[in-house]
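Read the structure below first, then the notes.
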Amino acid sequence: MTSRTCPCGLPQPYDACCGRFPTGPAAAPSAELLMRSRYSAFVTGNAGYLLRTWHPRTRPERLDLDPRMTWTGLEILDTTDGSAFHTTGTVTFRASYRGGSLHERSRFERVDGAWVYVDGDFLD
């Protein structure tokens, strides 16, 4: 997935968008971009990145992704805070998959300057 459009829905190639965070020294600069990169990690099956970007106090010991799951799109519905000037933020999103969708309001915090996923509430 090097030159294709990023799974997160932004009109950029994966490598220039979400693909730069799991492989490079750069960290997502906002809670929304972290959310987008985590969605892309679900699409690409990158459990290691998902665990690394999970808050230490809520992170599971392991994450078993279902290789049969086919994610089909991400829609960001709302964001609160989560910029370079904040320490917390929320992102409300709908992630579609073959056969349904997941609607969640996710909470994010900064840990040692980097955004991490804390937890979320399922909506609908």
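The basis for the numbers below is simple: all heavy atoms, side chains too, and nothing from hydrogens, waters or symmetry mates. The first residue of the sequence shown is numbered 1, and numbering continues consecutively from there.
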Donor-acceptor contact below 3.5 Å, side chain Thr72 vs main chain Ser96: yes

Mind checking the CG-OG1 spacing from Asp81 to Thr87? Nearest 0.5 Å is all I need. 8.0 Å

Got more than 12 heavy atoms from elsewhere within 6.0 Å of CZ, Arg20? yes

Does anything in residues 39-59 form a salt bridge (Lys or Arg N to Asp or Glu O under 4.0 Å)? List the pairs, not counting sequence neighbours. Arg57-Glu109

Results of salt bridge (Lys or Arg N to Asp or Glu O under 4.0 Å) for Asp119 - residues two or more places apart only: Arg107

Answer with yes or no whether the hydrophobic clustering places Phe93 together with Val118; edges join I, L, V, M, F, W, Y residues whose side-chain heavy atoms lie under 4.5 Å apart. no

Tell me whether Thr58 contacts the main-chain N or O of Trp54 through its side chain, where contact means a donor paired with an acceptor under 3.5 Å. no

Quick one, Thr92 and His103 - any side-chain contact, counting heavy atoms below 4.5 Å? yes

Are Val43 and Met69 co-members of a hydrophobic cluster defined by side-chain heavy atoms under 4.5 Å apart? yes

At their closest point, which heavy atom of Trp115 faces which heavy atom of Ser83, and how far apart are they? CZ2-O, 3.2 Å

State, to 0.1 Å, how close Pro11 and Thr5 come at their nearest heavy-atom pair, and which atoms those are. CA-CG2, 4.4 Å

Where Leu51 and Pro60 come nearest, the two heavy atoms and their spacing: CD2-O, 3.6 Å

Between Leu123 and Leu74, is there shared hydrophobic-cluster membership here, with clusters defined by ILVMFWY side-chain heavy atoms closer than 4.5 Å? no

Distance-only donor-acceptor hits, side chain of residues 25-41, under 3.5 Å, sequence neighbours excluded:
from  : atom 1 : to    : atom 2 : distance (Å)
Ser30 : OG     : Leu33 : N      : 3.1
Glu32 : OE2    : Arg36 : NE     : 3.0
Glu32 : OE2    : Arg36 : NH2    : 3.2
Arg36 : NH1    : Cys8  : O      : 2.7
Ser37 : OG     : Leu33 : O      : 3.3
Ser37 : OG     : Leu34 : O      : 2.9
Ser37 : OG     : Tyr49 : OH     : 2.7
Arg38 : NH1    : Leu50 : O      : 2.8
Arg38 : NH1    : Thr53 : OG1    : 2.8
Tyr39 : OH     : Gly73 : N      : 2.9
Tyr39 : OH     : Gly73 : O      : 3.4
Ser40 : OG     : Arg36 : O      : 3.2

Do Phe21 and Ile76 share a hydrophobic cluster, counting only Ile, Leu, Val, Met, Phe, Trp and Tyr and linking them when any side-chain heavy atoms are less than 4.5 Å apart? yes

Assigning hydrophobic clusters by single linkage (Ile, Leu, Val, Met, Phe, Trp, Tyr; side-chain heavy-atom cutoff under 4.5 Å), is Leu77 placed with Tyr97? no

